[in-house]
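Working notes, beginning with the structure itself.
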Amino acid sequence: MAGLEHLLAALTPINLAFALFGVVAGTVIGAIPGLTATMSVAVLVPLTFAMPTSSALILMGAIYTGAIYGGAYSAILLNTPGTPSAIATTFDGYPLAKKGDGDYAITIACLASVIGGLVGALALMTLAPPLSQVALAFGSVEYFWLAIFGLSLIAALSEGSLLKGVAGGALGLLLSCIGVAEVAGDVRLTFGLQTLLSGIQIVAALIGLYCIPVLIDLVAQPGHHLQVDSGSRGFRLGEAVRYLWGDKINTIRSAVIGTVVGILPGAGGSIASLVSYSEARRTAKPGQAYGKGEPGGIIASESANNATVGGGFIPTLVLGIPGTPPDAVILGALLVQGVRTGPSLFTNQGEIVYTFIWGLILATILMLPTGLFIGRYAYRTIITLPKALLVPAIAFMTIIGSYAIRNNISDVIIMIVLGGLGWIIGRFGFTASPIVLGLILGPIAESGFVQAWTIGTATDDRFGMFFGRPISIAIIVFTLFTLLSPLVLARLQKIKEQAHAD
Amino acid sequence: MPTEPRSDTGGAVVSAILIGVACLVIWDSMSYMDKDSAVFPRTFAGVLIVASAAYIVKWLLGRGEAGPGADTGSLPRRVLLVGIMLGGTMAMPWIGFIGAALPVFAALTLVAMYDPWTRFRVLVYPLIGIAIVLGFFYLFREVLQVPLPTGDLFDS
Amino acid sequence: MKTTRRSLVLTGAALAFVAGIGLTAQPAPAQAEYPEKPISYIIPFGPGGESDITARLQQPFFKEKFGQDLVISYKPGGGGAVGWATLNTLKGDGYTMMGVNLPHIVLQPQQKDVGYKTDDITMLYWFHYTPDAIVVTDDSPFKTLQDLIKHAKENPGKVIFSGSGKGTAPHLAQVRFDKLAGVKTTYVPFKGTGASVAALMGKQVSAAMAFTTVAANYEKTRLLAVAMEKRHPRFPDVPTFKELGMDIVSGAYRGIAVPKSTPEPVRQKLTAMIKAVNEDPAFRKKMEEGGFAVVDYAHGKSADDFLSSFAKSVTASAKEAGLLK
């Protein structure tokens, strides 16, 4: 079992060095917009051929978890998710940084990531075989409803006008259709342009829609990028720990959501952070202003996305079905090494699996000191670099980053054009977040719908397919709850006030 | 500081453009071989039309919701930023990654410069720019094995 | 100003650190003869897919035989089309090659303008394929293919296959199976083979139209029939469709191509090198254990004949499936 001997095996100097190196390199890579966890893991694959399997896994797991955390830096400091998983971190992280609390936001993100990572890894260690069944219980129709649940967040995110938010969401869903259709055989909405054939890459779109407007506004004014308070305030660790303790339900709930969503192949970190953000927002305490720099929003997103690391390994190792895109690469590396995943991996080759899980836990713990230090450095760089260097440096990173995702110039052009258009329509109240939600959730919603519809038609029970399965019903109920509860609460509040007035 | 409701003509114009986009989508969906490919785009093109049309109606009734308000700052600098980035990117296949990145970096430094040019800045900023570009070039090409464009003209 | 200088120094330090990571990945000292430097091997799909995994399997054998690395990079998009459309713009110096897949390069250009034509691609080698196969879970009521056919005849449309995408090898195999077995089944496209197997294991569908590799990689799955000429050595108990009276020999083929500007002598050399890897007994054994079927259609007449006969049959199936006009 998960005993001490595996912990000791994980504690060899070489494994420790891998864990440390992986976390540091992963954090740096994840902080650069465009360099995703998937890519950083893929780069390591050839190096792992010559390693013992458990060490290779530790290295890849550490860089993966570091990259997911590193994505928070650019989310907080530049309003640009470094990895798609950090998308919900921008909602509150950037406003908090603009208020001058970027250092605090980064410390909060680090603590939440470590806790989320540990919860995911512990689930992997103790409950992997039973939890893997979640991956199988989730069918096409459940993915469809999960995407709809995610889209319901548009209502909360469209500041100002709901109609504009809905229009933005629909636009995002349409943008996601461009290129070769995912499950059907058609080429859609390219209008004969080769540039559009590969579709709109989500990371490139994220960089464009979030980062380019920031750059555009940065260059237009002489003032500082982020407000800075004078004097060094250290890591503000005590403050952050106290906040997390006060918001512990959110922290743990988000970690659990992240673990479960991580188990679902076809969902992944971005969905996990959106779902837990939505839940945190729904259950906000009075005085918590989500969307305006509420630390709870960072906790929800970061705790959840790091929990997907452990969660995603569950179906990967137990069923051989990758839970997240980086898991697919790790699974491939294991196949090349001759390791066959499956239920018997845990029983027959327990030493590999448990040594790896201990290594992942160690790496996650190492993320605390390294994350705090790198985060502090990133923060200082951003606030002290003069604007005349900051703007070209960020612009340069967005170009090279969006190129590197698929080694395609088209993605860079699409990134810049989307960013410019996004800035323009943003001026008129059409904000980026609904469009991005549509882009991310569109493919999941579409393929889930087409599959469920086809299966429902074949079994002559389309209604039962969409509305008759327990998990679906639960998601539908949650969606309605999320959409309606603010309305109901506002109504109640009004009645109360009127009662007072009378 | 939301002022009293303004007419938000811009929002209505964007809505009208979005209706046009939706119509374009529906037109494109006519050519699909597989009817499964058309369901989703048509549905959400419909949603886009309904939401945008509803907003235009709202605007006609004088109940538009203006965006974040008038922008301040330099429009030429904004346009230059996007133009330089786009131009550099498009030139990349011909002049190579380094050949495009260095001028883009330099041009953007000029666009984003609000402080006076002291001797220190004149000397140090270009050096930092070169260090960043070359450092990332090395990181991406050698470590991350990204095949960055080399440029047809130089063919290095 | 002090903080500025400080942050500048720190930036320099960070770059030095980042550069330090790379020092370990330096190429080996160059040799006098071709190949003098690592060869870039572009996969037109994302990392982690089967095209990536098989390239990774080739990597160590190539390095061992020729002393140079195969450096794998990815250019995904448009189901591979983005990569193939750029193939001929790349340098033809023998240090650039690209993975190629069937039926993709035959069907894509016929469906829409995707920036290349099938004939634009200069093939060096077709080295293996993943044979189509009908997969069920180990507790499925279908013990043999006849069970499945019988059930499908009694319940038209009610046997549901999951498969990877439309217009793909599994989809075309399902269409052909329906025709030859005289049944009507339903095909549900998923994003990739992994997702279609997840749907099978989750009992969303009755069977998966997938590949022999699935049975090699996933426990708790069983094959009912494989689309090969002879039985797969890894699964000696599983019959071929041919044995069962249906002429289905198909799958997803993989090979390698170079830019058109690559000179003929270099093409020959590279072909010989790929051939040497593909014919290595240890490599073959690894591939067969993984469920692949190794083939050898080398540059020249062999590869050309194979492609034209494949194109003919796959185009006919795609027309039947309503994917092509």
Side-chain angles (χ1 to χ4, degrees), chain A residues 25 28 38-39 41-42 45-46 49 135-140 179-180 182-187 192 194 197-199 201 265-266 315 319-322 325 327-329 331-333 335-336 338 340-344 377 380-381 384-386 406-408 410 443 447 450-451 454-455 457-459, chain C residues 3-4 6-8 10-11 14 17-18 21 25 46-49 52-53 56-57 59-60 69 72-79 81-82 85 111-115 157-158 160 165-167 171 186-191 194-195 197-199 201-205 216-220 286 290 323:
Chain A
V28 173
T38 313
M39 184 182 176
V41 173
V45 167
F49 290 158
L136 301 181
F138 231 75
S140 306
V180 176
E182 200 152 83
V183 292
D186 280 295
V187 179
Q194 284 299 318
L197 189 63
S198 47
Q201 212 285 333
L319 303 172
I321 297 167
D327 287 330
V329 180
L331 192 63
L335 286 176
V336 174
R340 296 271 180 266
T341 51
S344 57
Y377 166 67
R380 297 203 144 252
T381 308
T384 53
L385 209 61
R406 301 196 293 194
N407 302 324
N408 194 341
S410 299
S447 54
V450 168
Q451 288 153 6
T454 315
I455 297 174
T457 309
T459 52
Chain C
T3 46
T4 305
R6 193 187 133 98
S7 89
L8 299 183
L10 282 172
T11 309
F17 162 79
V18 156
I21 299 176
D52 179 31
I53 292 169
R56 297 288 188 193
L57 284 166
Q59 235 176 349
D69 279 310
I72 294 174
S73 61
Y74 309 95
K75 199 175 179 63
V82 173
Q111 283 178 314
K112 233 171 207 184
D113 176 21
V114 287
K158 293 266 192 318
I160 304 169
K166 277 203 182 165
H171 184 202
T186 302
Y187 178 84
V188 185
F190 283 81
K191 189 195 174 194
V197 174
M201 290 174 157
K203 305 274 159 63
Q204 284 197 71
V205 294
N217 293 338
Y218 298 92
E219 297 175 19
K220 301 193 172 178
K286 257 195 156 167
L323 292 160

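None of the values given here were measured: they were computed from a predicted structure. Lettering follows sequence order; numbering is per chain, from 1.
Proximity to chain C (any heavy atom under 4.5 Å) is shown, for A:A458, by both the backbone and the side chain. The part of A:Q194 that comes within reach of chain C is its side chain, from C-beta onward, which places non-hydrogen atoms under 4.5 angstrom from that chain. Heavy atoms closer than 4.5 Å to chain C are found in both the backbone and the side chain of A:P46.
Contacts with chain C were tallied for A:L319, A:L331, A:T457; A:L319 has the most, counting heavy-atom pairs under 4.5 Å. When the candidates A:T341, A:V187, A:T454 are compared by the number of heavy-atom contacts under 4.5 Å with chain C, A:V187 comes out ahead. Considering only heavy-atom pairs separated by less than 4.5 Å from chain C, the leading option among A:G139, A:G179, A:G266 is A:G139. Chain A forms the most heavy-atom pairs under 4.5 Å with one residue out of C:P60, C:G167, C:P47, and that residue is C:P47. Interface check for chain A: of the options C:G290, C:P76, C:G77, C:G202, the most heavy-atom pairs under 4.5 Å are formed by C:P76. Of the residues considered (A:P322, A:A42, A:A333), A:A42 shows the highest number of contacts with chain C, using heavy-atom pairs under 4.5 Å. Of the listed residues (A:A135, A:P265, A:A328, A:P343), the one with the most heavy-atom contacts under 4.5 Å to chain C is A:P343. Annotation: maximal heavy-atom pairing with chain A below 4.5 Å, among C:A198, C:G194, C:P189, occurs at C:P189. By number of non-hydrogen pairs under 4.5 angstrom with chain C, the leading residue of A:P443, A:S447, A:S344, A:P325 is A:S344. Interface check for chain A: of the options C:K286, C:M201, C:K203, the most heavy-atom pairs under 4.5 Å are formed by C:M201. Ranked by non-hydrogen atom pairs under 4.5 Å with chain A, the options C:V114, C:D113, C:V197 are led by C:V114. When each of C:V205, C:L323, C:V82 is scored by its heavy-atom pairs under 4.5 Å with chain A, the top score falls to C:V82.
Residue A:I455 holds its CD1 atom at 5.5 Å from CD1 of C:I160, rounded to the nearest 0.5 Å. The CG atom of C:N217 sits 5.0 Å away from the CZ atom of A:R340 when rounded to the nearest 0.5 Å. A distance of 6.0 Å separates NZ in C:K112 from CG in A:D186, rounded to the nearest 0.5 Å.
Counting heavy atoms from C-beta on, the side chains of C:K75 and A:R406 never come closer than 4.5 Å.
At a cut-off of 3.5 Å, with distance as the only test, a side-chain donor of C:Y74 or C:D52 sits close to an acceptor on the other residue.
Between the side chain of C:T186 and the backbone N or O of C:G157, at least one donor-acceptor pair lies under 3.5 Å.
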